[in-house]
Amino acid sequence: MSRERFLENPFYVLGVRPDCTRAELEREGQKLLGMLELGLPAAKKYQTPIGEAERTPELLRVAMAELRDPHKRLLHEVWAQLPAETLAAEPNPHDGSGAHPGPGPWPDAPAALGFGAKK
Amino acid sequence: MTLLIIGALVALVLRKLWTKDGDGEQAESQEDFRLSLQIGGWLLLLGSLVYALGELPRGGVGWLLVPLGLFLLLLRPLLLVEEVFLPRGWVKATYRGARIGLWASRDRRGQALLYANLALLRAPKHHDPRDDEAYLAERQKQLPGGAASLLAASLLLARREGLPAVVPLLRCLDSVDPSVKPAWAMAVASELLVVDAVRLGDWPKVRRLSADSPSTPLLAFLSACAQVFVPELEGGQPVPPLSRDRLYWLWLKAPQKQHLWWLLEKAQDHALGRPANPQQKQPPSSARSGDNMADPPRLDAALAALGRLWQTDALQVTPEQLRLVGDKWDRALVDKATERLLLTRALSLAIPGTEQKTQQALRTQVVATLRSYLGQGAVPIRKLFPDGKLPQPSVLAEAALQVRAELLEQFESATTQLEERTTDKRELPWLDEWREWAQVRDTYQRIEDFGGPEARRLAWTSLHRQANNWACWLWNARSEKVLANAVFRFLLREAEALGDDRSAQLAKKNVGSGL
């Protein structure tokens with residue numbers, strides 16, 4: 001669903017604003033890599049407009065590499081215009097305003113009702 | 001002694017009959033023969049009952065067991081299978097018991113295998129199913145190919161690949177000849193389809209499917225819940241509300257009650273506190289979320305709308321939500337502030353002149369995102385654009401057209417594959433032939449659901465010739481008559497619905513060839 005545009009946006013991964021300088025990016029990236037290496041819990045998660053995600057050294061390196069290319073950076077900047085705070089959730093789709101009224105998906109229904117391999 | 005002789009004669013006849021099973025050419029005469037046997041069985045019951053009653057005054061109480069046993073055998077031949085073997089998950093006993101109990105039925109092996117597969121699904125968790133699966137897979141190879149056989153094979157497939165993998169196969173059952181569609185097997189198929197809709201949380205679909213299905217305790221309960229959650233279907237009449245007691249009673253009769261308790265509670269709560277007026281529209285998301293209150297930049301509003309879409313389950317997305325996202329992006333992409341932002345940032349990054357290219361790339365990414373939502377097929381074009389016109393330029397319209405083109409391309413590739421296989425005379429096992437047909441039909445249905453009658457007509461042009469040739473080959477060279485007949489029936493239905501008289505005549509002639 002292309003959620004990666006938010007979830008893996010390099011600016012959110014690095015926790016910096018889109019108008020930051022190249023030096024700031026590098027400094028922040030190195031700092032976070034160091035923190036991850038030390039196993040500091042503060043560096044393990046980052047915030048995006050659609051929720052929290054897990055930060056890994058690999059993701060950090062990819063983010064830094066992406067932002068070194070100014071053409072790619074410009075596009076990422078557009079997607080990172082929203083502050084890194086979770087957007088206010090929409091009203092519950094099951095309250096009658098969603099596509100389908102009634103309870104939401106029930107993935108275990110086949111197994112529970114005798115039509116799927118038991119888990 | 002007389003009864004013993006008659007019994008031996010019946011056994012001999014039955015033995016002869018079983019050895020003929022699967023021979024489709026003599027199906028009709030066998031049907032008559034089986035009916036004669038059933039009548040013979042009832043006469044035997046009557047005779048033995050009279051004899052047993054005559055023996056009673058002389059103290060021969062034991063003789064009563066003979067008519068009693070015969071009575072049970074004739075009235076509920078599958079009593080042991082349904083009440084003992086199947087619920088306990090005894091696969092082999094279920095298969096053997098069902099084969100004996102279904103002695104007078106067509107597609108006896110297929111039906112027995114279906115029972116056995118249901119038993120496998122109900123086997124206790126600690127039971128190692130590998131031996132039973134191998135046993136069923138071995139028997140599946142010998143199936144004659146009726147609806148019960150297909151359903152049995154589908155259940156085995158569902159166990160391995162999950163229920164969604166077999167739903168297209170189950171949908172194909174609607175065009176199978178009624179003479180090879182036992183009612184109880186069709187009820188199982190309906191239950192599977194309804195359970196899949198419950199899995200997706202698509203309660204309007206649960207209501208529609210259960211309304212056209214044979215009544216079973218599970219379907220009755222799920223249908224009642226659907227009536228509570230969806231009192232009014234699109235274009236239909238509202239149903240009167242169900243009482244809590246009625247729901248409770250249906251739950252009591254349903255199988256797997258322990259797993260349905262939460263649903264009963266939800267339905268009862270919903271029945272009590274149903275929204276006063278289902279017609280009452282919610283205010284648009286933009287008004288609710290306060291996006292426009294401080295009049296933020298249009299790009300931010302568009303990003304926020306897309307972010308909210310990503311927070312929603314793909315199957316729960318509404319056409320209004322998609323329209324809102326599309327509108328916001330259409331405005332944001334031509335907004336002066338967006339242009340200014342791109343221009344200044346491009347200058348800061350020392351890449352002047354790239355803003356147009358970036359804007360185009362942004363548009364492409366937005367269209368791709370919307371396309372991934374539309375590709376699920378849950379929101380048809382007519383709901384996205386209720387006035388029937390696709391606005392241009394619009395990211396949503398572009399995404400919708402791309403999805404339609406993709407579906408048509410996918411469909412054409414599937415029908416071409418059929419045609420090539422027919423020309424090369426490349427055979428597949430019977431179940432794989434069914435799966436290929438199910439895939440073609442599924443794509444055809446998705447095209448119709450998404451693109452409406454216009455897209456359906458486009459798809460029909462590449463369907464009827466290829467599918468007809470393939471089905472003729474199946475009929476003439478492969479003797480896969482049940483599948484070929486199902487294809488002809490489907491083609492006839494479509495030709496009639498689309499007013500294609502020539503194709504309808506041909507399909508009618510082919511359907512008339514029977515099984």
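Chain identifiers are assigned alphabetically (A, B, ...) following the order of the sequence lines, protein sequences preceding nucleic acid strands; residue numbering begins at 1 within each chain. Just so it is clear, the model here is predicted, and its values are computed rather than measured.
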statement: All heavy atoms of A/F115 vs all of B/L121, minimum pair found to be CA-CD1, 3.9 Å

field: Any pair counted as side-chain hydrogen bond (donor to acceptor under 3.5 Å, both in side chains), so long as it reaches residues 356-367 of chain B, sequence neighbours left out
entry: A/W79-B/Q365, B/R363-B/E398

query: Hey, is NZ on A/K31 packed in by over 12 heavy atoms from elsewhere, all under 6.0 Å?
result: no

- request: Identify which part of B/L362 has an atom lying under 4.5 Å from any heavy atom of chain A, answering side chain, backbone, both or neither.
  value: both

statement: Closest heavy-atom pair, A/A112 versus B/Q256, reported as atoms and distance to 0.1 Å, is O-OE1, 3.4 Å

- request: For A/P103 and B/L263, work out which heavy atoms get closest and say how close.
  value: CG-CD1, 3.9 Å

Side chain proximity check, B/I351 to A/R73, heavy atoms < 4.5 angstrom: no

- prompt: What's the spacing between A/R22 CZ and B/L349 CG if we round to 0.5 Å?
  reply: 10.5 Å

field: Part of B/L303 lying under 4.5 Å from any heavy atom of chain A
entry: both

statement: So, the part of A/E77 with a heavy atom under 4.5 Å from chain B: the answer is side chain

message: Tell me the closest heavy-atom pair linking A/R5 and B/A368, and the distance in Å.
response: NH2-CB, 4.4 Å

field: Minimum-distance pair of heavy atoms, taken over all atoms of B/Q311 and A/P49
entry: NE2-O, 3.7 Å

- prompt: According to the side-chain hydrogen bond (donor to acceptor under 3.5 Å, both in side chains) rule, which pairs have a member within residues 42-54 of chain A, sequence neighbours left out?
  reply: A/Q47-A/T86

field: Minimum heavy-atom distance B/L299-A/Q81, with the two atoms named
entry: CD2-CG, 3.8 Å

field: Separation between CD1 of A/I50 and CZ of B/R308, rounded to the nearest 0.5 Å
entry: 12.5 Å

message: With rounding to the nearest 0.5 angstrom, report the CD to CG distance, B/E355 to A/L74.
response: 8.5 Å

- prompt: Under a 4.5 Å heavy-atom cutoff, which of B/D196, B/L163, B/V198 has the most pairs with chain A?
  reply: B/V198

- prompt: What part of B/L218 is in contact with chain A, defined as an atom under 4.5 angstrom from a non-hydrogen atom: side chain, backbone, both or neither?
  reply: side chain

message: Taking CD in B/E161 as the centre, count heavy atoms belonging to other residues, nucleotides or ligands within less than 6.0 Å. Is the count above 12?
response: yes

